[in-house]
Colleague: 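There's a structure below that I have some questions on.
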2 protein chains.
Amino acid sequence: MKFSKATDYALHALMYMIHRDGETTKIPVQDLSLALNVSTTYLSKVLTRIVKANYISSTSGAKGGYRLQQNWENVSVYDIVVAIDGVQTLFEDSFDHGEECRIQATMMEAQENLINTLKNKKLKDLTV
Amino acid sequence: MKFSKATDYALHALMYMIHRDGETTKIPVQDLSLALNVSTTYLSKVLTRIVKANYISSTSGAKGGYRLQQNWENVSVYDIVVAIDGVQTLFEDSFDHGEECRIQATMMEAQENLINTLKNKKLKDLTV
DNA sequence: CCAATTATAGATATTATAAATCTATTATAT
DNA sequence: ATATAATAGATTTATAATATCTATAATTGG
Ligand code: SF4
Ligand code: SF4
């Protein structure tokens, strides 16, 4: 019942990028790594997932780096969580007696509330 | 971002006890273990935490076993989660820049929503 | 008191997963 | 061509959850 550190790193890297230059400049992982105190290789691996999910872009080579996409303002915290950790289920029913079960239903409801909260928070909201 | 299996087992054991006899009979872990298909030793270890939290009682020796407390109806799903896994934080801030941070605040809010949902579900509600 | 039954405690082992590193490769600018 | 930077894949390390094992303590009934 814990978010991964990778998600933590990703969110912070994004916040750093947002505060730095918006979507104008390419920022090498080196810079982010320094700011967050995380190894370049690991952070790069994490950010690659955000690239794959198309919330940031990347360019290799000299003067390359990561850059926010135009749509960044509408990306939600949940989007990032999913990009990093995939779609998670809070509750893994060890037995599963079917739909109408109250334990399952309760956990699902709790999970929905959690997810909706995170869906409703856009990255932009985090900057205010 | 997952509830533990132990919590799963505990909830199911409790449901079993509730459906069996309410708070009248002592049920040996053997029975529960059989019903849930979990080893007696492990299940016992899990249930001991529920005993410690005072939601069920236990008596050793022949004719012993676990029994619901009078107050079981008002025990919430969250109570069980805490009894098993302790108070958990969904988000471990790797850096922590303080109170006013929006990332932290968002995660806290999401966590609160999750917890409140589980607090509002009593074991009794699960039987309906 | 004795034997059977049952929970508990503590140590240990097993498994699973996340976190991190390392190496090699590919892409780009100058 | 060289330096820079991302990516991929393999591998290692760390951590926590899950589970088992063994010994001990408590209770019942004879
Ligand atoms: S009681 Fe509900 S949660 Fe438990 S095994 Fe059955 S379906 Fe799953
Ligand atoms: S930005 Fe917020 S979440 Fe990130 S380290 Fe600072 S306080 Fe923590």
Side-chain angles (χ1 to χ4, degrees), chain A residues 1-13 17 25-34 36-69 81 83-86 88-92 94-95, chain B residues 1-10 12-13 17 25-34 36-68 81 83-95:
Chain A
M1 212 175 126
K2 199 64 91 180
F3 289 102
S4 66
K5 280 195 169 194
T7 296
D8 192 10
Y9 297 153
L11 285 172
H12 282 89
M17 291 169 78
T25 330
K26 292 178 213 153
I27 305 181
V29 74
Q30 174 84 28
D31 291 20
L32 298 164
S33 160
L34 217 73
L36 301 186
N37 198 33
V38 181
S39 79
T40 55
T41 41
Y42 189 53
L43 188 55
S44 178
K45 173 150 295 186
V46 169
L47 290 181
T48 299
R49 314 203 79 171
I50 308 290
V51 172
K52 289 273 174 54
N54 219 359
Y55 303 132
I56 61 178
S57 66
S58 68
T59 40
S60 298
K63 306 280 173 187
Y66 296 98
R67 178 160 52 181
L68 293 165
Q69 299 278 55
V81 170
I84 300 294
D85 292 327
Q88 297 275 349
T89 49
L90 215 48
F91 182 67
E92 212 67 64
S94 304
F95 313 101
Chain B
M1 210 174 127
K2 198 63 93 179
F3 289 103
S4 66
K5 280 195 168 192
T7 295
D8 193 9
Y9 297 152
H12 281 88
M17 292 169 78
T25 330
K26 293 178 214 153
I27 305 180
V29 73
Q30 175 84 27
D31 291 19
L32 298 163
S33 160
L34 217 73
L36 301 187
N37 200 34
V38 181
S39 79
T40 55
T41 39
Y42 189 53
L43 189 54
S44 180
K45 173 149 296 186
V46 169
L47 290 181
T48 299
R49 316 204 76 171
I50 308 290
V51 172
K52 290 270 173 56
N54 219 1
Y55 302 131
I56 61 178
S57 65
S58 69
T59 39
S60 298
K63 306 280 174 186
Y66 297 98
R67 178 160 53 181
L68 292 165
V81 170
I84 300 294
D85 291 328
V87 176
Q88 296 274 351
T89 49
L90 214 49
F91 182 67
E92 213 66 65
D93 190 338
S94 304
F95 313 101

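As the structure is a prediction and not an experimental result, all values here were calculated from the model.
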Colleague: Rounded to whole Å, please give me the gap between CG in B/Leu47 and C1' in C/dT6.
Modeller: 13 Å
Colleague: Drop me the distance from A/Lys2's NZ to A/Asp85's CG, to the nearest 0.5 angstrom.
Modeller: 13.5 Å
Colleague: Both A/Thr59 and A/Lys45 contact DNA chain D. Taking the nearest nucleotide for each, which residue is further toward the 5' end?
Modeller: A/Thr59
Colleague: Which part of the nucleic acid, if any, lies within reach of B/Val38 when heavy atoms closer than 4.0 Å are counted: base, sugar-phosphate only, or nothing?
Modeller: nothing
Colleague: From NZ of B/Lys52 over to C1' of C/dT8, roughly how many Å is that when rounded to an integer?
Modeller: 8 Å
Colleague: Looking at every strand, decide which applies to B/Ser44 at a 4.0 Å heavy-atom threshold: base, sugar-phosphate, or nothing.
Modeller: base
Colleague: Ignoring hydrogens, what is the shortest heavy-atom contact between A/Thr40 and A/Val29? Give both atom names and the distance.
Modeller: O-CG2, 3.8 Å
Colleague: Looking only at heavy atoms, which two atoms of A/Leu36 and A/Ala13 are closest? And how far apart?
Modeller: CD1-N, 3.7 Å
Colleague: Take the protein atom NZ of A/Lys5 and the nucleotide atom P of C/dA20, then report the distance between them rounded to whole Å.
Modeller: 5 Å
Colleague: Nearest-Å distance, CZ (A/Phe3) to P (C/dA18)?
Modeller: 14 Å
Colleague: Within less than 4.0 Å of OP1 or OP2 of C/dT8, is there a side-chain N or O belonging to B/Thr48?
Modeller: yes
Colleague: For the pair made of OH in A/Tyr42 and P in C/dA18, what is the distance, rounded to whole Å?
Modeller: 9 Å
Colleague: Using distance only, find each side-chain donor-acceptor pair of residues 48-64 of chain A under 3.5 Å and give its atom names and separation, not counting sequence neighbours.
Modeller:
unit_1: A/Thr48; atom_1: OG1; unit_2: A/Ser44; atom_2: O; d: 2.7
unit_1: A/Arg49; atom_1: NH1; unit_2: A/Ile84; atom_2: O; d: 2.9
unit_1: A/Asn54; atom_1: OD1; unit_2: A/Gln69; atom_2: NE2; d: 3.0

Colleague: Quick one: B/Ile50 CD1 to C/dA7 P, roughly how many Å, whole number?
Modeller: 15 Å
Colleague: Would you check, one step at a time, whether the test side chain to side chain contact (heavy atoms under 4.5 Å, CB included) holds for B/Val38 with B/Val46?
Modeller: CA-CA 11 Å; B/Val38 181; B/Val46 169; over 6 Å; no
Colleague: To the nearest Å, how far apart are A/Ile84 CD1 and C/dT17 C1'?
Modeller: 16 Å
Colleague: Start with the C-alpha gap between A/Phe91 and B/Asp8, add the side-chain angles, then the distance that decides, and say whether side chain to side chain contact (heavy atoms under 4.5 Å, CB included) holds.
Modeller: CA-CA 8 Å; A/Phe91 182 67; B/Asp8 193 9; 3.4 Å; yes
Colleague: From CG of B/Leu32 over to P of C/dT6, roughly how many Å is that when rounded to an integer?
Modeller: 12 Å
Colleague: Measuring from A/Leu68:CG to A/Met17:CE, what's the distance to the nearest 0.5 Å?
Modeller: 4.5 Å
Colleague: Mind checking which nucleotides bracket the chain B contacts on DNA chain D, 5' to 3', with an atom under 4.0 Å from a heavy atom?
Modeller: D/dT18 to D/dT28
Colleague: Quick one: on DNA chain C, does A/Lys63 or A/Ser39 contact a more 5' nucleotide (nearest heavy atom)?
Modeller: A/Ser39
Colleague: Between B/Gly64 and B/Ala6, who's closer to the 5' end of DNA chain D by nearest nucleotide?
Modeller: B/Ala6
Colleague: When you check the phosphate oxygens OP1 and OP2 of C/dT8, does a side-chain N or O of B/Ser60 lie under 4.0 Å from one of them?
Modeller: no
